[in-house]
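Both ligands and their constituent atoms are indexed starting at 1 by order of listing.
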Amino acid sequence: MLLTISTAQPPATDLGFLLHKHPARCQSFDLGFGKAHVFYPEASVARCTACLLLDVDPVGMVRGRRPSFQLSQYVNDRPYAASSFLSVAIAQVYGSALQGRCKDRPELASTPIPLEARIDVLPVRGGEEFLRSVFEPLGYNVEASRCPLDERFPEWGESPYFAVTIEKTTTLADLLTHLYVLIPVFDNAKHYWIGADEMEKLITKGEGWLAGHPEKVEITRRYLRFQPSLFREALARLAEDEAPEEAEDGAQPAETVEEILEKPLSLNDQRLGSVLAVLRASGAKRVLDLGCGEGKLIRELMKEKQFDRIVGMDVSVQALQRAVQRLGYERMPPLQRARIELIHGSLMYRDKRLEGFDAAAVVEVVEHLDPPRLSAFERVLFEFAKPPTAVLTTPNREYNVKWESLAAGRLRHPDHRFEWTRQEFWDWANGVAGRFGYKVRFLAVGPEDETVGAPTQMGIFEKS
Ligand code: SAH
């Protein structure tokens, strides 16, 4: 895929300063999913053009994933159609320019110049009309021509791909920001990197133009299309940017409420720190992270030599894919990668792959299980996997009253099936320990309140 940026503002070779890439050199960058090359087919005082050519490795992308025999994994448009990969490349290869920094000539970055950007193969779901409805309100002149499916066979009709040129007098940072956000929006295909921080990116990168854009809702919906809850939250926050009084009451979904509430306490760090300390002290070498999510604990475990086998399991394939991304699993040196395994599975079913470990962590997972199925989980962990040490954390419901912004009686997360009081947790944990031959002790995590206790409660089970 190819992104071409030109200017005809003399001295046009200033584009080299702006992009932090010398016009006389061809440079290549390894991006994990492929290679990016930057070169200038023309560089004169009158006109300068920089090309960003992205060479995606489609086979490399599927390597290491769960086996699949779908041809579409190997034969698809990803290598040539502009997609979220191009946005990632913009951020990594033109990072300073995207942020409006220009080391040698700072004044250049803030000066609007006539700029033209061309994308040769942009898949546009919604066609030319949508394309224009997105770029034109931002002040761009748009030229678009639809690519035929195959030039040799015009009777086959047209493809969903467009060759698009947009042109405007603006700063390079603005142009790159619009492309960064909008390319995946047109493509409307799966992002490979969606997570809660994507919404932050959208809000930050959309600052000053997205809140007032007539297609704001569609842009946001498509950008976050695999995260409907983030979509609602993003819209609420964009509404705040635009007109604070119009922000919908309660529009903020609870999914991120948990993170927002807990952030000032850096509770997540304290929780991981405590779990890590327990695992370290247990002397465990082979550890399980059950319900590993995006792999936050695994990232910490990886740093410690003590753990020579680390297996993360989750029921959500999406979470595992994010873990692969976030841990940089595909790019790890072979020895590092050999220590780590991510497996797809459910804590509801006995699983031989969980046997033979020294310790298991179950961090903020139990409250996602349906109460009638808790007994299945108990057997899976304590009867069949039976690690000598198991450390389990869960929210302490009593602490919720300390968060004024959490409506009375509400749980911290919409997927929480319950949140236990301390007494409820103690009763459950003591019951389990008694039934399966473990001893259990309890630890409070986070700032402890005299009356309601700490926000997170931890049970440490040791085989007696
Ligand atoms: N331990 C992680 C994630 C906590 S969120 C962390 O602390 O960041 C809860 C996780 O439990 C989610 O990733 C969810 O997919 C997973 N989960 C829920 N039910 C599960 C089940 N039955 N088996 C395995 N994982 C489950």
Test of ring centre spacing under 6.0 Å for Phe186 and Phe135: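 Yes; Phe135 has its ring centre under 6.0 Å from that of Phe186.
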Ring centres under 6.0 angstrom apart (His37, Phe29):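 No; Phe29 has its ring centre 6.0 Å or more from that of His37.
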With respect to [X], determine whether any N or O atom, backbone or side chain, lies less than 3.5 Å from an N or O atom of ligand 1.
X	value
Asp314	yes
Val363	yes
Leu369	no
Gly291	yes

Please report which non-hydrogen protein atom sits nearest to [atom], along with the residue it belongs to and the distance in Å to one decimal place.
atom	result
atom 20 (C) of ligand 1	Val315 CG1, 3.5 Å
atom 22 (N) of ligand 1	Ser346 OG, 3.3 Å
atom 23 (N) of ligand 1	Leu347 N, 2.9 Å

Over-ring placement of Arg441 relative to Phe461, 6.0 Å and 45° cut-offs: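 No, Arg441 and Phe461 do not form such a contact.
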Tyr329 six-ring face occupied by Arg337 cation (under 6.0 Å, within 45°):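 The answer is yes; both the distance and angle limits are met.
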Donor + acceptor pair across side chains of Tyr140, His178 (<3.5 Å):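 A donor-acceptor contact under 3.5 Å links the two side chains.
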Contact with ligand 1 for Ala361, non-hydrogen, under 4.0 angstrom: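 For ligand 1, residue contact (heavy atoms, under 4.0 Å) with Ala361 is absent.
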Pair Arg309 + Glu341, salt bridge at N-O below 4.0 Å: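 Counted as a salt bridge, because a side-chain N and a carboxylate O are separated by less than 4.0 Å.
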Candidate list Leu374, Leu347, Thr393, Leu290, test side-chain contact (heavy atoms from CB on, under 4.5 Å), partner Val366, passing option: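 In the set Leu374, Leu347, Thr393, Leu290, the residue that makes a side-chain contact (heavy atoms from CB on, under 4.5 Å) with Val366 is Leu374.
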Output the list of atoms in ligand 1 that are nearer than 4.0 Å to some heavy atom of [X], sorted by atom number.
X	answer
Cys292	2 (C)
Glu364	4 (C), 5 (S), 9 (C)
Gly345	23 (N), 24 (C)
Ser316	15 (O)

Working for side chain to side chain contact (heavy atoms under 4.5 Å, CB included), residues Glu330 and Val324: CA-CA 7 Å; Glu330 315 250 325; Val324 166; 3.7 Å; yes
